[in-house]
J.: 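Starting off with a structure, shown below.
Numbers here simply count residues along the sequence, with the first being 1.
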Amino acid sequence: MSIVGQQLLSGALSGFASTICLQPCNCPVDLLKTRLQQGSGSILVKPTLSPRATFIVDVARQIIASEGLKGLWRGTGATLIRNVPGVALYMTSLTQLRAVMAGSPYFAIAPLTGSSPPTSALPKLTSSGNLLAGAVARVGVGFVLNPFSLIKARFESSMYTYESIGGALVAITRSGGPTALFRGFVASALRDAPYAGLFVVFYEGTKREIGECLSQRRCIAVAFVMHSFSGASAGVIATVATHPFDVIKTKIQVRHEDRYNGLVRTCRTIWHDRGVRGFFDGMSLRMSRKVLSSAIGWAVYEGVLLLLYGK
């Protein structure tokens, strides 16, 4: 199997592992986050919803009352399509881009020294290199997967009644043309570029610090713990720093009023309706998902690569 094939396989296994482990709670968490973010401070989104449904428990009760327990898992199909091939494509693109950048004296960095087996199979870059690689790879893959992100958000919202992914694709294309499938991409890019860049920087930095402390105890088990902790820590920092754009993205994708048409207008609307707090709706929900998925995903990805590379 080629190097790219090994990376695609590792990425797919990573996405599959995090999806299988977290799917029972991930979909409800994402759905609740979307329902919290879709509302506003002055407009009722749906008659069955309270004017200010800001508490997670209240929103969950409203969903179960109106849609049944299965309503908490609405959008699972789009999530699976986006996660497994999406994670494989992102991690492979990131690794390949880092490999190219590692050949440049501007971004290359020497690996950890020592006689023990290495605990990472990924190219080593400077912080600026990691920041750039993460941002470019995430935005590129995000553009390709934006239609599924849009469908996922609308399935999770209470404002659309799509019956299937195919039906959603057709309905969106008919109503707004092919470009409608990329609604919210600018906000997604403004969220994903700094998120991925910061994540890779802090992930690699944490991993390097832990690796130096455990330089005499390098093995697969230690590597798994190191990658999990590094992924979780980086996930916290990157999520907090970029959450406002997640709120903006959701509102642009699920709301159809003119005041949510465009990035600047949506920002003004959120500020007018909710103030600063409005840009952080659902952050605890998003963080819980990101921390766990990052810990599992990166540990599996790097662990599988280490096994495949025979290191």
J.: So, Q253 side chain and R183 main chain: donor-acceptor pair closer than 3.5 Å or not?
T.: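 Side chain of Q253 to backbone of R183, a donor-acceptor pair under 3.5 Å: yes, one is there.
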J.: Apply the hydrophobic cluster definition, ILVMFWY joined by side-chain contacts under 4.5 Å directly or through others, and give me every member besides V144.
T.: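 Noted: V144 shares its cluster with no other residue.
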J.: When the side chains of residues 229-243 are checked against the rest of the protein, which donor-acceptor pairs come out under 3.5 Å, sequence neighbours left out?
T.:
from, atom 1, to, atom 2, distance (Å)
S230, OG, K207, N, 3.3
S230, OG, M226, O, 2.8
S233, OG, F229, O, 2.9
T239, OG1, G235, O, 2.6
T242, OG1, A238, O, 2.8
T242, OG1, R286, NH2, 3.4
H243, NE2, D281, O, 2.7
H243, NE2, M283, N, 3.3

J.: Can you list everything that forms a side-chain contact (heavy atoms from CB on, under 4.5 Å) with V276? Sequence neighbours excluded, please.
T.: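 V276 satisfies side-chain contact (heavy atoms from CB on, under 4.5 Å) with W271, F280 only.
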J.: Under the rule for side-chain contact (heavy atoms from CB on, under 4.5 Å), what residues qualify as partners of A102, not counting sequence neighbours?
T.: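 P123, L125.
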J.: I'd like to check the side-chain hydrogen bond (donor to acceptor under 3.5 Å, both in side chains) partners of T92; sequence neighbours left out, ordered by chain and number.
T.: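 Residues passing side-chain hydrogen bond (donor to acceptor under 3.5 Å, both in side chains) with T92: none at all.
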J.: Sequence neighbours excluded, which residues qualify as side-chain contact (heavy atoms from CB on, under 4.5 Å) partners of Y160?
T.: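 So Y160 forms a side-chain contact (heavy atoms from CB on, under 4.5 Å) with R154, S157, Y162, V254, H256.
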J.: The criterion is ring-ring contact (aromatic ring centres under 6.0 Å, His included); which residues satisfy it with F245, sequence neighbours excluded?
T.: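 By the ring-ring contact (aromatic ring centres under 6.0 Å, His included) rule, F245 matches no residue at all.
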J.: What residues form a side-chain contact (heavy atoms from CB on, under 4.5 Å) with V100, not counting sequence neighbours?
T.: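 So V100 forms no side-chain contact (heavy atoms from CB on, under 4.5 Å) with any residue.
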J.: Is a side-chain N or O of R98 found less than 3.5 angstrom from the main chain of A133, in a donor-acceptor match?
T.: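 No.
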J.: Can I get a per-line list of side-chain donor-acceptor pairs under 3.5 Å for residues 165-181, giving both atom names and the distance, sequence neighbours left out?
T.:
from, atom 1, to, atom 2, distance (Å)
T173, OG1, L169, O, 2.7
S175, OG, A171, O, 3.1
S175, OG, I172, O, 3.0

J.: Restricting to ring-ring contact (aromatic ring centres under 6.0 Å, His included), what partner residues turn up for Y203, sequence neighbours left out?
T.: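 Per chain and number, Y203 pairs via ring-ring contact (aromatic ring centres under 6.0 Å, His included) with F199, W298.
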J.: Run the side-chain hydrogen bond (donor to acceptor under 3.5 Å, both in side chains) test against S127 and tell me which residues pass, sequence neighbours left out.
T.: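 If we apply the side-chain hydrogen bond (donor to acceptor under 3.5 Å, both in side chains) test to S127, skipping adjacent residues, there are no hits.
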J.: My understanding is that only residues two or more places apart in sequence, or in another chain, count here; which of them pass side-chain hydrogen bond (donor to acceptor under 3.5 Å, both in side chains) with R191?
T.: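 R191: side-chain hydrogen bond (donor to acceptor under 3.5 Å, both in side chains) contacts with D246.
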